[in-house]
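Okay, structure first, notes after.
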There are 2 protein chains.
Amino acid sequence: MMAAEPIRDRRAERREATKTEILDAAWELVRAEGLAALTLRDLAAKVGMRPPSLYSYFDSKNAIYDAMFRQGNLELLARCEALPEPEDPLDALRASGRMFVEFGVEDPARALLLFLRTIPGFEPSPETYAIAVRIVELARTRMSRYGIPADYFDLWTSLVSGVVWQQIANEPGGDRWTRWVDDLADMFLAQVNRR
Amino acid sequence: MMAAEPIRDRRAERREATKTEILDAAWELVRAEGLAALTLRDLAAKVGMRPPSLYSYFDSKNAIYDAMFRQGNLELLARCEALPEPEDPLDALRASGRMFVEFGVEDPARALLLFLRTIPGFEPSPETYAIAVRIVELARTRMSRYGIPADYFDLWTSLVSGVVWQQIANEPGGDRWTRWVDDLADMFLAQVNRR
DNA sequence: GTCTATATCCAGATAGAC
DNA sequence: GTCTATCTGGATATAGAC
């Protein structure tokens, strides 16, 4: 007797596709109008629905923010895992700095959602927050493998995020701050080696 | 004949006092509820008025944000001007870094209003924005007096603001990032002297 | 200057027919 | 799953009496 083909749940697939479509539209809206300006009306209009229909896919507006928070962190986690691991610590720092800065400035609304708490009622669910924690742990582990003392990790994150926020706030789309990222790695390593 | 006493405009004084009172209440609200959560209802309630009465003092909600933006920048400007100017560049950098970091973390809502653009409809008026520009010019001038090349100014601002945002986002009220500010000055000067 | 009353609009969310 | 209709509440802002 032949093994039965695995049966695809076409309904579930379709549902997931629609959820993805809604989230894509939400990202477009926040990129264009700002993170706080997202409304279910606009979102529904963008995907060709009436607002109540969105509730078939997400329980609330905050559930949408939560899904976006999750997507953003998964994307960042993927980029962290895809990072090369060269022998030279300086090369490694530069690569990770560039990656993170690029991630931050390429989508300011996403950076605001992921890294600052600016939406009044929203807090990520524990499951999605766990992804953010994994990212930090991964970065921390990598640094220690390069022999950098653990307490310097915080210093490094502040250097990188400083570049991101200054660039976003003062010259979105430009490189007046992002171009410092390689020097940042120099400075940082020199400081680490100083003691 | 005796010179006439200068006549105080008691009505105008009273009016200014009320405006100040409203702004004080607004600061309290945004500190407690977040910058975006400010509403005229809450604000009026806090000063013992009905919402329409606020329009006797401010033309619109954005005018209130603008006045707050102005106040915040005036405060920062005053602190910049009050900064000591020691001979040693390192001491000067440390003092300015500490001052700025303290200013940022002591009121996250104010930092958000002044340094990031997070309120959808709000843009500061040219007059108030001019104050922010003066602050930057002042800091820039000071740095050049200490012999630091002009292009390093951006680097320094990113170092300091990185500490501020990381502290605000991840441990408001703590010092896990702010305590790095002296090292930041070391690192920065070392990098400047390297070339 | 402050109030009541109201205009206008928009938000997130729910009920229930189809 | 999607819709229409509606609820409920809140926002900024204005008109006009006192």
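As a basis for the values below, the full set of heavy atoms in this structure was taken, side chains included, without hydrogen atoms, waters or symmetry mates. We name chains A, B, ... by the order of the sequence lines, and we start the count at 1 in each one.
Under the 4.5 Å side-chain criterion, counting only non-hydrogen atoms from C-beta, A:Asp186 is not in contact with A:Leu93.
For the pair B:Met49 CE and C:dT4 P, the computed distance is 13 Å after rounding to whole Å. Rounded to whole angstrom, the span from the CG atom of B:Leu40 across to the C1' atom of D:dT12 amounts to 6 Å. Between A:Arg11 atom CZ and D:dG1 atom P the separation is 7 Å, expressed in whole Å. Between the CG atom of A:Leu43 and the P atom of D:dT2 there is a distance of 13 Å, rounded to whole Å. We find that CZ of B:Arg50 is positioned 5 Å from P of C:dT4, with the value rounded to whole Å.
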All N/O donor-acceptor pairs, side-chain side in residues 30-40 of chain A, below 3.5 Å, sequence neighbours left out:
{"from": "A:Arg31", "atom 1": "NH1", "to": "A:Asp107", "atom 2": "OD2", "distance (Å)": "2.7"}
{"from": "A:Thr39", "atom 1": "OG1", "to": "A:Asp42", "atom 2": "N", "distance (Å)": "3.2"}
{"from": "A:Thr39", "atom 1": "OG1", "to": "A:Asp42", "atom 2": "OD2", "distance (Å)": "3.2"}

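Taking the ring pair (Phe, Tyr, Trp, His ring centres under 6.0 Å) definition, one finds that B:Phe115 meets it with B:Phe100, sequence neighbours left out. In this structure, B:Phe69 has no ring pair (Phe, Tyr, Trp, His ring centres under 6.0 Å) partners at least two apart in sequence or on a different chain. Qualifying side-chain hydrogen bond (donor to acceptor under 3.5 Å, both in side chains) partners for A:Asn62, counting only residues two or more places apart in sequence or in other chains: none. By the salt bridge (charged side-chain N to carboxylate O under 4.0 Å, His left out) test, B:Glu28 is found to be paired with B:Lys46, residues two or more places apart in sequence or in another chain being considered. The side-chain hydrogen bond (donor to acceptor under 3.5 Å, both in side chains) search around A:Arg194 returns A:Gln191, not counting sequence neighbours.
For residues 53-73 of chain A, no pair satisfies salt bridge (charged side-chain N to carboxylate O under 4.0 Å, His left out), with sequence neighbours left out. Among residues at least two apart or in separate chains, there is no ring-ring contact (aromatic ring centres under 6.0 Å, His included) pair with a member in residues 25-57 of chain A. Each salt bridge (charged side-chain N to carboxylate O under 4.0 Å, His left out) pair with one or both residues in residues 151-172 of chain A, not counting sequence neighbours, appears once here: A:Asp151-A:Arg195, A:Asp154-B:Arg176.
Judged by distance alone, the side chains of A:Thr128 and A:Ser125 do bring a donor and an acceptor atom under 3.5 Å apart.
Listed by residue number, A:Arg15 are the residues of residues 12-32 of chain A with a heavy-atom contact under 4.0 Å to DNA chain D. Less than 4.0 Å separates DNA chain C from no heavy atom of any residue of residues 62-71 of chain A. Contacts between residues 52-61 of chain B and DNA chain D, defined by a heavy-atom separation under 4.0 Å, are made by B:Pro52, B:Tyr55, B:Ser60, B:Lys61.
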